[in-house]
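Worksheet: one structure, shown below.
For this chain, numbers begin at 1 and follow the sequence in order.
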Amino acid sequence: MVDYIMKIIHSDIKHGTVKIKTESMDDLYVLSNIIDKGDNVKARTIRKIKIGEDDERKKSIVKKPVTLSIEVEKVEFSKYSLLLKISGKIIDEHEDIPKGSYHSFNIEENSIITINKVKWLEYQLDKLHQSTKSKYGGCLLVIFDRDEGFFVLVERYGYKILSEVKGDDQKKRYLEKHTSNFFQNIIKQIKEYHNRYPSAEIVLASPAFWKEELFELLEQELKQKTILATCSSADRTAIEELINRPELKTVLKNTKIQEESEIVNNFLREISIHGNAIYGLKETQYCANIGAVELLLVTDGFILKVRQENNYDTISNIMRNVESMKGKVAIISSENQAGKSLDALRGIGAILRYKVG
């Protein structure tokens, strides 16, 4: 588990400038939601440069490390390649590099970049400062019953399924022996993940009494960092069920996934019970323009979509309007169930200060 945190090397918000060093994939995800089209980004990079005589045939191409500044046109984040790609036009003068030509920064862990904005939004500053606080150590969910189970690592911005385990097909004939062997296989896997993610707390979750039986078989060291939780079934639907269970709130209090789940659940309640929330781009834009939005919700998937459609300015203006009228902005991850629920409602919505007719 990565325990490093983003470092702010220099900050001058009055003049729109922040210089940071990334330390983890979480930092790249945060920056993908902070950096906007039109921002200026400066970084050390590798650039192909033509050198030699004026005759094109006599020129050679070399890769040279240079420091460049670009005006951002496109931001792409991939958690699979652990890469944040920022593209745009070069805005400073260089001897061998034409001003106005295009360049892309590949931002990775341990990159240093400077971001300059005309105005930082409050939610952007909040995300930036959250990333400089101590990192969440993680939570290992062990979800199982008597013959199958799986392991899930809950991180700050989401979760990933690590592996699955299944018991012997002859369980009905040798249930007692099977269960004992199956539990030992689960414990062996827990130990392996504990070594890999030593900061992660452990949650044993099952229907019925299986969790108590397995807990008694754990070594004392593992027992001390393990809590028990009940779920309706030992399948993937249990993940979101557990994230929303009250006994896990303390364990998950530093995760964005738990926070986002609460935000979206409250939003859905406002729609269904009080009628004090709206969704959809046009509806949200109208309410933002008249100052009726208390909390704006937007998924990162919807932001990616409008960026690809070159319509991000509309979303950016809505967020700026909301904050200028003392509202709040929440960016919700589309990878989690909360984000999927919001995406089903067109990816954008708002809780209102008052009902709009």
Side-chain angles (χ1 to χ4, degrees), residues 6 11 13 16 18 20 26-39 72 75 77 115-133 156-158 254-271 276-307 309 311-336 338-354 356:
M6 185 190 291
S11 178
I13 299 301
V18 175
I20 60 98
D26 273 356
D27 296 340
L28 304 183
Y29 174 80
V30 169
L31 290 176
S32 73
N33 284 289
I34 286 178
I35 298 173
D36 294 325
K37 181 180 178 182
D39 291 348
V72 177
V75 179
F77 171 69
I115 306 166
N116 187 270
K117 291 178 174 287
V118 174
K119 179 177 173 57
W120 285 80
L121 298 178
E122 285 300 318
Y123 89 89
Q124 295 170 334
L125 291 173
D126 287 344
K127 280 185 172 290
L128 190 67
H129 291 141
Q130 284 172 12
S131 297
T132 64
K133 298 176 182 177
R156 185 183 288 274
Y157 289 98
N254 290 323
T255 65
K256 292 297 294 180
I257 184 173
Q258 202 271 343
E259 177 186 326
E260 291 174 4
S261 181
E262 288 188 0
I263 289 172
V264 173
N265 286 340
N266 186 40
F267 167 70
L268 295 175
R269 281 194 298 271
E270 289 292 335
I271 290 176
N276 208 35
I278 50 89
Y279 57 89
L281 180 57
K282 290 183 179 179
E283 295 84 348
T284 306
Q285 185 177 33
Y286 172 76
C287 290
N289 288 340
I290 63 173
V293 174
E294 180 177 315
L295 176 64
L296 174 70
L297 293 78
V298 189
T299 67
D300 55 11
F302 184 70
I303 289 175
L304 175 62
K305 177 175 177 287
V306 296
R307 273 180 170 156
E309 295 171 348
N311 195 32
Y312 179 69
D313 287 348
T314 301
I315 304 301
S316 179
N317 289 336
I318 292 173
M319 292 190 284
R320 292 179 188 280
N321 280 342
V322 169
E323 289 203 347
S324 70
M325 299 182 190
K326 308 303 181 185
K328 297 291 184 181
V329 177
I331 307 297
I332 309 296
S333 172
S334 287
E335 292 197 3
N336 304 324
K340 291 174 183 175
S341 298
L342 185 54
D343 276 329
L345 297 175
R346 301 180 224 166
I348 185 170
I351 295 175
L352 305 178
R353 294 189 172 101
Y354 51 84
V356 177

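Here the side chain of Ser131 pairs a donor or acceptor atom with the backbone of Lys127 at under 3.5 angstrom. Listed for the Glu260 side chain is no donor-acceptor partner under 3.5 Å among the backbone atoms of Ala338.
Residues meeting the salt bridge (charged side-chain N to carboxylate O under 4.0 Å, His left out) test with Glu122, sequence neighbours left out: none. A search for side-chain contact (heavy atoms from CB on, under 4.5 Å) contacts involving Asn116 returns Thr17, Asn40, not counting sequence neighbours. Judged as a side-chain hydrogen bond (donor to acceptor under 3.5 Å, both in side chains), and not counting sequence neighbours, Asn266 has no contacts. Residues forming a side-chain hydrogen bond (donor to acceptor under 3.5 Å, both in side chains) with Glu259 (at least two apart in sequence, or on another chain): Lys256. Not counting sequence neighbours, the partners of Asn289 by the side-chain contact (heavy atoms from CB on, under 4.5 Å) test are Gln285, Asn321. Listed by chain and residue number, Glu309 satisfy the side-chain hydrogen bond (donor to acceptor under 3.5 Å, both in side chains) test with Lys305 (two or more places apart in sequence, or in another chain). Take Ser32 and apply the side-chain contact (heavy atoms from CB on, under 4.5 Å) test, not counting sequence neighbours, and it matches Tyr29, Val75, Phe77, Leu84. With sequence neighbours excluded, no residue satisfies side-chain hydrogen bond (donor to acceptor under 3.5 Å, both in side chains) with Ser324. Annotation: side-chain contact (heavy atoms from CB on, under 4.5 Å) contacts of Leu121 (sequence neighbours excluded): Tyr123, Gln124, Met319, Arg320, Glu323.
Counting all heavy atoms, side chain and backbone alike, Ile263 lies closest to Ala330 at CD1-CB, 4.1 Å.
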- Go through Val356 and Ile278 one step at a time and tell me if the side chain to side chain contact (heavy atoms under 4.5 Å, CB included) criterion holds. CA-CA 9 Å; Val356 177; Ile278 50 89; over 6 Å; no
- Before giving the answer on side chain to side chain contact (heavy atoms under 4.5 Å, CB included), spell out for Val30 and Leu128 the whole-Å C-alpha distance, their side-chain angles and the decisive distance to 0.1 Å. CA-CA 7 Å; Val30 169; Leu128 190 67; 5.6 Å; no
- Between Ile271 and Leu345, is a side chain to side chain contact (heavy atoms under 4.5 Å, CB included) present by the stated rule, with each step listed? CA-CA 11 Å; Ile271 290 176; Leu345 297 175; 4.0 Å; yes
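Sorted by first and then second residue, the salt bridge (Lys or Arg N to Asp or Glu O under 4.0 Å) pairs involving residues 285-295 (not counting sequence neighbours) form an empty list. Each salt bridge (Lys or Arg N to Asp or Glu O under 4.0 Å) pair with one or both residues in residues 28-38, not counting sequence neighbours, appears once here: Asp36-Lys117, Asp36-Arg307.
Atom CD1 in Ile318 sits 7.0 Å away from atom CG in Leu296 (nearest 0.5 Å). Note that CG of Asp39 is 7.5 Å distant from CH2 of Trp120, once rounded to the nearest 0.5 Å. One distance of note links CD1 of Ile290 with CE of Met325; it measures 9.0 Å at 0.5 Å rounding.
Partner of Phe267 under the side-chain contact (heavy atoms from CB on, under 4.5 Å) criterion, chosen from Ile332, Leu295, Leu297: Leu297.
For the pair Arg346/Lys282, no side-chain contact is recorded, criterion being any heavy-atom separation below 4.5 Å from C-beta on.
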